[in-house]
S.K.: 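The following block contains the structure, expressed as structure tokens.
Quick caveat, the model's predicted, so the values are computed rather than measured. The basis for the numbers below is simple: all heavy atoms, side chains too, and nothing from hydrogens, waters or symmetry mates. In this chain, residues are counted from 1 in sequence order.
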Amino acid sequence: NVTCLSYSEDSPHEMAGWRVLTGLGISHRPVDLLRPESLAGLSKGYTTVLHLAASTDTSTNDFTSNDIGTANLLRALAPLDSAAHVIYVSSAAVYTGRSGLSAPANDSTPPHPTNEYGRSKLRAEEIVKTAAKREAIRPTIIRIKTNNRTHPRPKSTPEVLERQVQAGSLAAKLNWPGLVSVSHVDDVAARLLLLATRSGPENVHTHTFSSEALTLASMFQQIYRVRGKPYRPWNIPRWMWHMLSFTLRLMSHIERLLPTGVYNFVWRANLVAGNVLYCEPDAPKLKWQEKDKTFAESIAEIIASGPEV
């Protein structure tokens, strides 16, 4: 018995998702996590819950659907089965203020978010942990970063990078040094399904998903190659990148003084100037033996598929 709750917004992407669910014979119900009345009457006693809903557009400043929405959802689903496995998809954005950037973040790296998006995801993690103590459910928390897909959403990383290359942007030619962990959405979905088939851990378990780590410069270079365009990088000395990364990290202390749009630009630049989102590969920990789709393969698919219909 599978039920999918989906956002009650009639956007092209949401409606495309509904069509997929209908084609698979999966029942779905439009809801809004910030409107508890839309969650009324949900079935009780589910044994597995996959919670993927989130507000991810960091150019805004309202992320209440991440934390308050999570609380509303768990309240509406209660009581769950006593050994229910609740899998909450969080974000590696909780690591953006971490120290020790020469080593990758892993499951035991202390979270240190530096924007409201990351803080809202961390608050949601705590809400899930509190529910685990209250109801004896078994949660797994997943932290993911950049996900590629054949038809990228507007403002998603592949879509933004492709636009920069098409426009001949200077940003697409700089030798950005920071490593960023990436995965293909199909590989993330397969891992989630693998975890869903396993019994939930007795104590809260945290996984950080990562298939490969690339610099933004190497991502741009691969897009240029697939497009058949010459790639001519602008090389900035490493000491200047170190200085920029240090300055950008300091600016997190004056976040409240800056307009949302300005701070979002600073925050996003920090992600690719240093290794803040460089995460340890998760395949060995999960005993994952399938071959993950690489960023190069993903970009080739995106460009070959053309605009989404």
Side-chain angles (χ1 to χ4, degrees), residues 2 4-7 13-14 16-17 20-21 24 26 28 48-58 65-66 70 85-96 104-107 109 111 117-118 121-122 124-125 128 139-161 179-198 200-201 205-214 219 222 271 276-302 305 308:
V2 177
C4 180
L5 306 182
S6 55
Y7 185 37
H13 281 273
E14 291 294 333
V20 170
L21 293 171
L24 293 172
I26 296 175
H28 60 93
T48 305
V49 175
L50 279 168
H51 179 20
L52 296 86
S55 294
T56 59
D57 183 359
T58 57
S65 61
N66 293 345
T70 294
H85 189 185
V86 176
I87 301 174
Y88 174 62
V89 177
S90 184
S91 170
V94 301
Y95 295 135
T96 54
N106 57 39
D107 299 346
T109 299
Y117 168 63
K121 297 299 280 185
L122 189 59
E125 290 185 13
V128 171
T140 297
I141 293 170
I142 307 298
R143 292 170 178 164
I144 62 176
K145 184 45 191 108
T146 301
N147 295 317
N148 309 308
R149 49 171 290 185
T150 304
H151 296 293
R153 293 177 303 165
K155 296 186 180 181
S156 64
T157 299
E159 193 266 346
V160 171
L161 299 189
L179 287 166
V180 178
S181 290
V182 295
S183 301
H184 192 279
V185 68
D186 289 349
D187 296 320
V188 173
R191 282 164 164 76
L192 291 173
L193 290 174
L194 174 66
L195 287 171
T197 63
R198 298 176 178 176
H205 201 98
T206 302
H207 287 295
T208 302
F209 280 5
S210 171
S211 295
E212 60 179 333
L214 302 168
M219 294 184 206
Q222 292 181 45
L271 304 186
V276 293
L277 292 181
Y278 170 35
C279 301
E280 196 174 79
D282 64 282
K285 294 170 288 186
L286 290 178
K287 296 183 172 58
W288 182 255
Q289 298 179 351
E290 302 296 325
K291 180 183 180 299
D292 286 341
K293 189 171 291 185
T294 65
F295 180 82
E297 292 168 335
S298 302
I299 287 299
E301 279 187 0
I302 291 169
S305 66
E308 185 170 9

S.K.: Who pairs with E212 by salt bridge (charged side-chain N to carboxylate O under 4.0 Å, His left out), at least two apart in sequence or on another chain?
M.R.: none
S.K.: Show the nearest heavy-atom pair for residues C279 and S210, with the distance to one decimal.
M.R.: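 The pair with the smallest heavy-atom distance is O-OG, 3.4 Å.
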S.K.: Taking L214 as the fixed residue, which of V180, V182, T294 is the one that meets the side-chain contact (heavy atoms from CB on, under 4.5 Å) rule?
M.R.: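 Between L214 and the candidates, side-chain contact (heavy atoms from CB on, under 4.5 Å) is satisfied uniquely by V182.
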S.K.: Indicate whether any N or O donor in one side chain lies under 3.5 Å from an N or O acceptor in the other, for Y95 and T208.
M.R.: yes
S.K.: Taking only residues two or more places apart in sequence or in another chain, which ones pass side chain to side chain contact (heavy atoms under 4.5 Å, CB included) with S91?
M.R.: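 S91 satisfies side chain to side chain contact (heavy atoms under 4.5 Å, CB included) with A93, Y117, K121 once adjacent residues are dropped.
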S.K.: V20: which residues meet the side chain to side chain contact (heavy atoms under 4.5 Å, CB included) condition with it, sequence neighbours left out?
M.R.: L24
S.K.: Could you pull out all residues at least two apart from L50 that satisfy side chain to side chain contact (heavy atoms under 4.5 Å, CB included)?
M.R.: L52, I87, L192
S.K.: Using the side-chain contact (heavy atoms from CB on, under 4.5 Å) definition, which of the options N106, I142, I141 pairs with T206?
M.R.: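 Single side-chain contact (heavy atoms from CB on, under 4.5 Å) partner of T206 among N106, I142, I141: I141.
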S.K.: Holding to side chain to side chain contact (heavy atoms under 4.5 Å, CB included), I want the full list of residues that pass it with H28, two or more places apart in sequence or in another chain.
M.R.: C4, S6, W18, L21, T22
S.K.: Grab the two heavy atoms, one from S211 and one from D282, that are nearest each other, plus how far apart they are.
M.R.: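 Minimum heavy-atom contact is N-OD1, 4.3 Å.
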S.K.: Restricting to non-hydrogen atoms, name the atom on T70 and the atom on Y88 that form the minimum distance, rounded to 0.1 Å.
M.R.: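 T70 and Y88 have their closest heavy atoms at OG1-CE1, 3.9 Å.
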S.K.: If the condition is salt bridge (charged side-chain N to carboxylate O under 4.0 Å, His left out), which residues does D292 pass it with, not counting sequence neighbours?
M.R.: R191
